[in-house]
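Start at 1 and go down the list; that is how both ligands and their atoms are numbered.
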Amino acid sequence: MMPRLIVVSNRLPLTVQSSDAGLEFAPSAGGLVSALGAYLESRRRAEPDFDCLWVGWPGAPVPEHQHGELRERLQREYAAHPVLISAEDAHNFYHGFCNNTLWPLFHYFPSYVAYDPTYWETYVRVNELFRDAVLAVAQPGDTIWVHDYQLLLLPRMLRDGLPGSKLGFFLHIPFPSYELFRLLPRAWARKLIAGMLGADLIGFHTFDYTQYFLQCVFRTMGYEHSLGQIAMGDETRRADTFPIGIDFDKFMNAATSETVASRRADLEAGIRGRTAIFSVDRLDYTKGILNRLRGYAEFLKRYPEWQGKVVFLLAVVPSRAEVPQYMRMKHDLENRVGQINGAFGTLDWVPIVYQYRSLDFDTLVALYQLSPIALITPLRDGMNLVAKEYIASKPDATGVLILSEMTGAARELGEAILINPNHWGEIADALLQALSMDRAEQIRRNRPMQERLRAYDARRWASHFLSSLERVKTQQGQLATKTLTPTLVSAICEKSRLASSRLLLLDYDGTLVPFASQPQLAVPDAELYALLASLRSERTRIFLISGRDRHTLGSWFNGHGLGLIAEHGAWIREGDLDWQMTKPLTSAWKERLIPIFRTYVDQVGGSLFEEKDFSIAWHYRRCDPQLGAQRAKELIDEVTQFTANLDVQVLEGKMVVEIRNAGVNKGAAALRVTAQLNPEFILAVGDDQTDEDLFRALPETAISVRVGVPFSHARYHVNDNHDVRRLLAQLATHGVPGSAP
Ligand code: GDG
């Protein structure tokens with residue numbers, strides 16, 4: 001099948017102008033367009049039959065009589081499919097919910113956030129328009145990649161329409177911490193998170209954004225994760241970090257082009273030997289432009305010897321002019337520029353050269369090239385590509401980047417001078433440090449950044465995301481176990497009946513009996529004893545394999561002729577013989593960790609401490625679920641600091657945090673039994689993470705069954721302990737020698 005990628009973003013990579021003369025198209029540039037452009041170009045070269053479609057809004061309302069022509073030409077000339085939005089919807093969607101609600105909230109400007117139900121309803125409706133447009137072109141086998149905050153609901157909508165599809169989502173702006181996210185009405189917050197979770201893979205620029213998202217997933221939906229793998233009932237999703245790159249070669253090569261050189265010469269003539277400090281951003285309150293100006297003014301005041309020797313080239317690109325904050329901001333910005341120029345300027349020196357319009361590419365690169373300093377001070381920025389482009393535009397690796405630590409880019413560009421943009425004093429001092437930095441030091445800082453940007457460029461970013469999406473899909477397939485149907489149960493019984501010897505490895509809690517509010521209450525019932533007795537024989541051995549302590553297991557199953565494995569494999573007892581340790585173990589470490597566990601018992605009402613020979617556990621089944629899970633994470637974090645030098649393992653089980661000796665697990669214990677008995681038929685059943693060790697260790701021929709979730713190393717899954725008992729009853733009736741087939 002021809003590989004196809006469908007990219008879905010708010011804007012198509014072009015703008016459309018409609019006039020009486022017809023439609024005119026112009027390519028549009030932006031971070032996403034150039035990042036994907038570089039990737040698509042190289043992929044098309046490597047795979048000639050690779051096809052990419054783009055679905056998005058053309059950026060301006062187009063009259064209805066031109067819709068046909070628009071669709072036809074976009075498809076033919078650009079492989080693009082327009083989402084047509086009325087002017088009113090476009091206003092409430094784009095200027096409304098996107099830029100007046102999500103944008104300020106996700107950039108930590110809560111006081112700017114509008115909570116308007118009309119905006120929300122339009123956001124839902126426009127996401128549905130995108131869904132319809134994608135469903136109209138999608139085919140089975142396509143990879144669909146949805147981008148950014150305008151389309152947070154779309155992945156879920158697409159998942160409903162195309163259940164088996166390969167679906168990725170990438171957020172280009174920050175994902176805020178839960179404290180911010182919870183400001184949204186609960187119903188919206190849930191829908192937004194559920195919307196994003198429609199995608200198989202959800203990508204962010206930085207580790208922090210990924211963590212904040214995972215935290216919001218847990219707090220709003222209750223889904224837990226393990227290293228970014230989110231368990232949602234019978235499905236899994238993955239959240240991960242993919243810092244977007246730039247087309248490094250394009251900037252590096254442009255810097256040596258002749259057109260850029262001549263542009264640079266013109267611009268340099270205007271500067272007249274002064275040292276240029278450069279910045280370029282869209283007009284936006286998140287970019288910290290006013291703070292930058294305050295910092296610059298502070299610099300001129302603190303270090304007057306630099307007056308007349310520097311010039312600030314401040315390029316601001318018009319944007320979102322309809323949103324009130326942006327109009328106000330432009331006004332404030334221009335006032336401030338005027339004030340500084342008035343206060344410090346002289347007849348032959350203007351401290352700030354300000355331009356409010358966009359630059360062509362050659363001018364942009366010429367400015368990067370000629371400016372010894374770039375001053376980039378956002379109060380919040382998902383990534384910030386300008387910082388990366390500045391570094392990439394310096395063939396000789398000179399220049400100083402002053403960068404706000406509130407940008408995603410600061411994570412990768414640690415050799416820059418990092419500043420907190422809220423403190424103008426820091427900006428002023430950073431400018432002095434930059435102006436005083438010698439050439440060797442500049443190169444020493446910039447080379448490693450260039451190497452990083454070259455290695456993880458736009459192509460790598462896109463291919464890393466898409467290959468991770470493939471991997472996530474494959475993993476989902478591998479971990480998706482089969483539900484145990486009556487036909488499969490019959491086949492298992494048949495296999496068991498024909499075998500000369502059988503071994504049943506059965507977990508106890510959650511598998512043979514339901515969980516009780518307190519561990520000691522989950523006692524075996526008469527039906528269970530009878531069931532196990534009906535299965536057990538000379539040629540059918542049963543081992544209960546549990547995390548429980550040996551005394552409890554012993555007291556419940558003494559005299560029943562069962563093998564017992566306690567404490568996840570630390571102890572073993574066969575028949576009615578004595579308990580043995582499976583390997584030499586020490587419990588000296590417990591002394592240091594018990595006090596920490598005890599403080600959690602004191603702090604969290606309803607939680608319990610349990611001490612076994614070689615493990616300790618903190619149970620929070622009876623606590624408030626959110627508080628319990630939150631404290632569990634803190635406990636793990638705290639004890640991990642103590643366990644680095646100890647031979648122990650920290651386990652997160654179902655509503656329990658447990659520490660046990662390393663190297664002890666159900667898999668190792670089970671192998672010992674299988675090696676000894678060498679059974680022809682093995683059945684293993686378990687319900688939690690500790691049973692995965694068991695499933696992984698068993699030979700391929702073993703029948704393994706996970707209770708509860710279908711994503712497991714086991715071959716099959718059943719829903720609950722009732723299903724397990726039914727399976728065992730079937731086995732007793734049809735799966736032992738002499739039974740009816
Ligand atoms: C989102 C996130 C994240 C700017 N002015 C001109 C011009 N530009 C180009 C720059 C750069 C891009 O636009 C702006 O970079 P941003 O990083 O601000 O990207 P956005 O697309 O606005 O924003 C942001 C990004 O997505 C990528 O994920 O970094 O945090 O907000 O490439 O060079 N280009 C030209 N003339 C201009 O006047 N030619």
Side-chain angles (χ1 to χ4, degrees), residues 7 9-11 13 15 26-39 56 98-99 102-109 145-151 169-176 203-206 208-209 241-248 250-251 254-255 259-260 263 278-289 313-320 354-369 371 374 376-393 403-404 406-413 453 456-458 461-462 465:
V7 176
S9 64
N10 178 45
R11 295 287 299 269
T15 48
S28 67
L32 171 65
V33 177
S34 40
L36 273 181
Y39 167 77
C98 293
N99 291 336
L102 292 176
W103 179 270
L105 186 71
F106 282 30
H107 285 88
Y108 294 71
F109 282 83
W145 192 1
V146 178
H147 290 267
D148 226 359
Y149 66 104
Q150 300 90 352
L151 301 175
F169 175 82
F170 191 84
L171 186 71
H172 290 263
I173 65 173
F175 194 92
F204 302 89
H205 283 314
T206 72
D208 288 349
Y209 306 158
T241 307
F242 305 88
I244 196 171
I246 53 166
D247 189 349
F248 184 89
K250 183 170 147 201
F251 285 90
T259 45
V260 170
R263 196 71 201 95
F278 176 58
S279 76
V280 57
D281 345 57
R282 257 182 337 95
L283 178 70
D284 200 294
Y285 48 84
T286 63
K287 298 289 182 183
I289 306 176
L313 307 177
L314 177 68
V316 177
V317 180
S319 130
R320 301 179 196 172
Y354 164 70
Q355 164 176 322
Y356 181 68
R357 108 179 83 88
S358 49
L359 310 162
D360 61 65
F361 180 73
D362 287 341
T363 306
L364 178 73
V365 180
L367 284 163
Y368 285 149
Q369 259 247 305
S371 304
I376 300 176
T377 58
L379 300 171
R380 262 321 135 166
D381 208 338
M383 174 55 75
N384 194 295
L385 298 175
V386 168
K388 293 187 169 183
E389 291 166 3
Y390 175 72
I391 295 293
S393 301
L403 179 62
S404 160
M406 308 296 173
T407 61
R411 305 287 147 145
E412 291 161 89
L413 304 178
L453 295 176
Y456 198 85
D457 67 357
W461 168 75
F465 183 91

| query | So between H172, Q355, H107, whose heavy atom ends up nearest atom 28 (O) of ligand 1? | reply | H172
| request: Go through ligand 1 atom by atom and flag the ones less than 4.0 Å from a non-hydrogen atom of S358. | output: 38 (O)
| said: As an exercise, identify every atom of ligand 1 less than 4.0 angstrom from a heavy atom of V317. | reply: 5 (N), 38 (O)
| note | Candidates L385, T407, L359; heavy atom nearest atom 17 (O) of ligand 1 found on L385
| field | Best match, R357, R282, E389: closest heavy atom to atom 22 (O) of ligand 1 | value | R282
| task | Pick one of side chain, backbone, both or neither for how N384 approaches ligand 1, counting any non-hydrogen atom pair under 4.0 Å. | result | backbone
| Within reach of ligand 1, part of V280 (heavy-atom separation under 4.0 Å) | side chain
| said: Exactly one of L314, L364, L367 should register a side-chain contact (heavy atoms from CB on, under 4.5 Å) with V280. Which one does? | reply: L364
| task | Any atoms of ligand 1 less than 4.0 Å from a non-hydrogen atom of M383? List them with their elements. | result | 3 (C), 24 (C), 29 (O), 30 (O)
| request: Using a 4.0 Å heavy-atom threshold (strictly under), name the region of K287 that reaches ligand 1: side chain, backbone, both or neither. | output: side chain
| For G382 and ligand 1, does the shortest N/O to N/O distance drop below 3.5 Å? | yes
| said: Is there a polar contact between ligand 1 and D381, counting only N or O atoms under 3.5 Å apart? | reply: yes
| Which of the ligand 1 atoms, numbered from 1, are nearer than 4.0 Å to a heavy atom of L364 | 33 (O), 34 (N), 35 (C)
| Which atoms of ligand 1 sit under 4.0 Å from any heavy atom of H205? | 28 (O)
